[in-house]
There are 2 protein chains.
Amino acid sequence: MSEGVDRAMRVLELLAREPAQLGGVAADLGVHKSTALRLLQTLESGGFARRTDGGWTVGLRLIDLAQQALDSLDVRAVARPHLAALGRDCGHTIHLAQLVDDDLVYVDKIEARGQVRMYSRIGRTAPLHASGVGKAVLAYRPQLTRLVEGGALPAYTPATISDPAALRAELATVAEQGWAADDGEFEPLITCVAAPVRHADGSVTAAVSVTAPTVVATLADLRHLLPQLLATTQQISRDLGWSGP
Amino acid sequence: MSEGVDRAMRVLELLAREPAQLGGVAADLGVHKSTALRLLQTLESGGFARRTDGGWTVGLRLIDLAQQALDSLDVRAVARPHLAALGRDCGHTIHLAQLVDDDLVYVDKIEARGQVRMYSRIGRTAPLHASGVGKAVLAYRPQLTRLVEGGALPAYTPATISDPAALRAELATVAEQGWAADDGEFEPLITCVAAPVRHADGSVTAAVSVTAPTVVATLADLRHLLPQLLATTQQISRDLGWSGP
DNA sequence: GCAACCCGTTGCGCTCAGCGCAACGGGTGT
DNA sequence: ACACCCGTTGCGCTGAGCGCAACGGGTTGC
């Protein structure tokens with residue numbers, strides 16, 4: 001474990017939240033100002049941090065590298081045009097989430113018209129038991145389902161499914177119908193429908209969702225979009241080499 | 001200068017390009033495998049690197065932090081809905097580039113329908129003398145123009161303006177007409193029109209462009225979109241607090 | 001089935017990279 | 001003019017981090 005590198009990551013976590021002055025960085029790390037300064041100077045030399053009027057902020061090289069890493073994800077590259085088309089057709093926010101180890105991470109997002117604020121952001125994880133994309137993936141991964149059921153099922157809203165038996169029943173329904181819904185289970189007043197994306201070998205490691213605030217579209221409204229959603233995820237799956245049902 | 005942190009940044013540069021095995025990382029850094037392994041383990045503990053079947057790759061925490069840093073850019077948040085609307089209206093790729101110190105960096109991009117490959121990517125810098133957004137910013141920043149003219153003006157294509165006097169004349173035209181064009185000056189067969197974005201104090205530190213391959217739209221075609229582009233950049237400027245001409 | 005090879009990994013002794021301290025220059029506020 | 005705070009640098013000291021040697025495991029070739 002490298003102490004300097006650990007500190008550097010903590011600095012970047014801090015600066016991503018908001019710019020900070022040297023004294024604030026030193027205090028946050030619990031080191032002398034000269035130590036913090038040298039660390040920031042090193043990060044600056046690599047483009048990972050930069051100076052602003054107010055102090056220090058995240059450097060653009062970090063942003064460039066992150067974008068490069070995102071662009072190299074196969075699923076995202078293949079899915080992008082399909083997601084864009086679906087977004088144009090239905091006018092709602094579209095998400096693509098991919099399983100990474102045991103976490104489901106948003107890797108693409110087509111935002112709807114108008115300023116709709118929601119939790120999801122590229123790079124953030126989706127709760128497996130309390131999101132449409134999460135349930136759309138869990139329904140086809142029994143081993144991961146057991147892992148999730150064996151852990152805590154936090155109740156984010158009154159609608160969250162926190163009972164393992166209820167979750168199992170819900171996932172059986174999802175598997176049967178081929179899609180999942182989220183009716184305010186993670187964020188109140190945000191609903192979505194989601195469907196799984198299959199890899200060439202048929203395994204499910206990603207999912208797509210159509211999401212909207214309930215003032216814009218109710219779950220019933222979104223269900224009308226299931227044909228387009230399913231067509232989209234099947235097309236993405238075929239483009240990934242899946243030979244179909 | 002922290003050697004460990006410097007190495008960590010170099011590892012991330014490597015992994016963003018493509019996943020690598022431990023031996024490859026050690027060789028690239030010029031250190032022992034045990035040293036490289038400990039460094040990777042540290043990065044993994046912070047979520048900046050993760051293991052894959054093939055070795056090591058960039059971790060999703062890095063992507064999340066980068067997205068968070070992007071989301072905190074005022075210009076981007078304000079501009080986003082306007083760029084989306086412009087993209088819908090004209091059907092071409094829209095860029096937002098912001099000046100950071102003396103570099104102009106793409107901070108947002110609305111991609112057109114269809115798979116159009118071009119150099120620009122969020123996080124990458126645009127060449128100031130050889131791009132529409134670059135010239136749209138330079139035209140209003142005499143000091144930066146002097147800096148650019150005093151340096152090299154690389155010729156990326158036969159159309160690149162490499163002569164300082166010719167660039168000065170071009171920038172005078174841009175200032176007069178209020179917009180810039182790029183007719184294959186950076187990438188052959190890629191054209192755009194661009195206009196500056198003003199901050200509350202009237203200064204120019206960002207620009208928006210409408211870009212297309214010439215097989216899709218010629219420069220003459222894009223010029224027809226100038227009214228919408230100018231309306232968009234003026235609206236963004238007003239939303240940033242600019243009181244107008 | 002066995003040997004050779006390569007991978008990732010860990011414990012440990014040694015040393016120099018990185019630490020905090022003290023001092024500095026500069027800007028701001030009273 | 002003085003006090004305060006900021007960012008910054010040189011330097012002596014020490015423990016964090018280095019490479020080495022050895023390990024376990026998987027794969028390949030014979």
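Here is the naming used below: chain letters follow the sequence lines, and residue numbers restart at 1 for every chain. What you see below is based on every heavy atom in this structure, not just the backbone, and it leaves out hydrogens, waters and symmetry mates.
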| request: Kindly write out the residues that satisfy salt bridge (Lys or Arg N to Asp or Glu O under 4.0 Å) with A:Arg76, not counting sequence neighbours, or none if the list is empty. | output: A:Asp71, A:Asp108
| field | Rounded distance in Å - CD (B:Glu3) to C1' (C:dC19) | value | 15 Å
Compile the donor-acceptor pairs under 3.5 Å between side chains in residues 14-29 of chain A and protein atoms, sequence neighbours left out, one pair per line.
none

Under 3.5 Å, which N/O atoms of the protein pair with N/O atoms of nucleotides 4-11 of chain D?
{"from": "D:dG7", "atom 1": "OP1", "to": "A:Leu22", "atom 2": "N", "distance (Å)": "3.2"}
{"from": "D:dG7", "atom 1": "OP2", "to": "A:Gly23", "atom 2": "N", "distance (Å)": "3.4"}
{"from": "D:dG7", "atom 1": "N7", "to": "A:Lys33", "atom 2": "NZ", "distance (Å)": "2.9"}
{"from": "D:dT8", "atom 1": "OP1", "to": "A:Arg51", "atom 2": "NH1", "distance (Å)": "2.5"}
{"from": "D:dT8", "atom 1": "OP2", "to": "A:Arg51", "atom 2": "NH1", "distance (Å)": "3.2"}
{"from": "D:dT9", "atom 1": "OP2", "to": "A:Gln41", "atom 2": "NE2", "distance (Å)": "3.3"}
{"from": "D:dG10", "atom 1": "N7", "to": "A:Arg38", "atom 2": "NH2", "distance (Å)": "3.4"}
{"from": "D:dG10", "atom 1": "O6", "to": "A:Arg38", "atom 2": "NH2", "distance (Å)": "3.4"}

| message | Going by the rule salt bridge (Lys or Arg N to Asp or Glu O under 4.0 Å), which residues pair with B:Asp74 if we only count those two or more places apart in sequence or in a different chain? | response | none
| field | Contacts of A:Glu44 that satisfy salt bridge (Lys or Arg N to Asp or Glu O under 4.0 Å) - sequence neighbours left out | value | A:Arg51
| field | Pairwise ring pair (Phe, Tyr, Trp, His ring centres under 6.0 Å) hits with a residue in residues 55-79 of chain A, at least two apart | value | none
| Spacing of B:Asp53 atom CG relative to D:dT27 atom P, expressed in whole Å | 12 Å
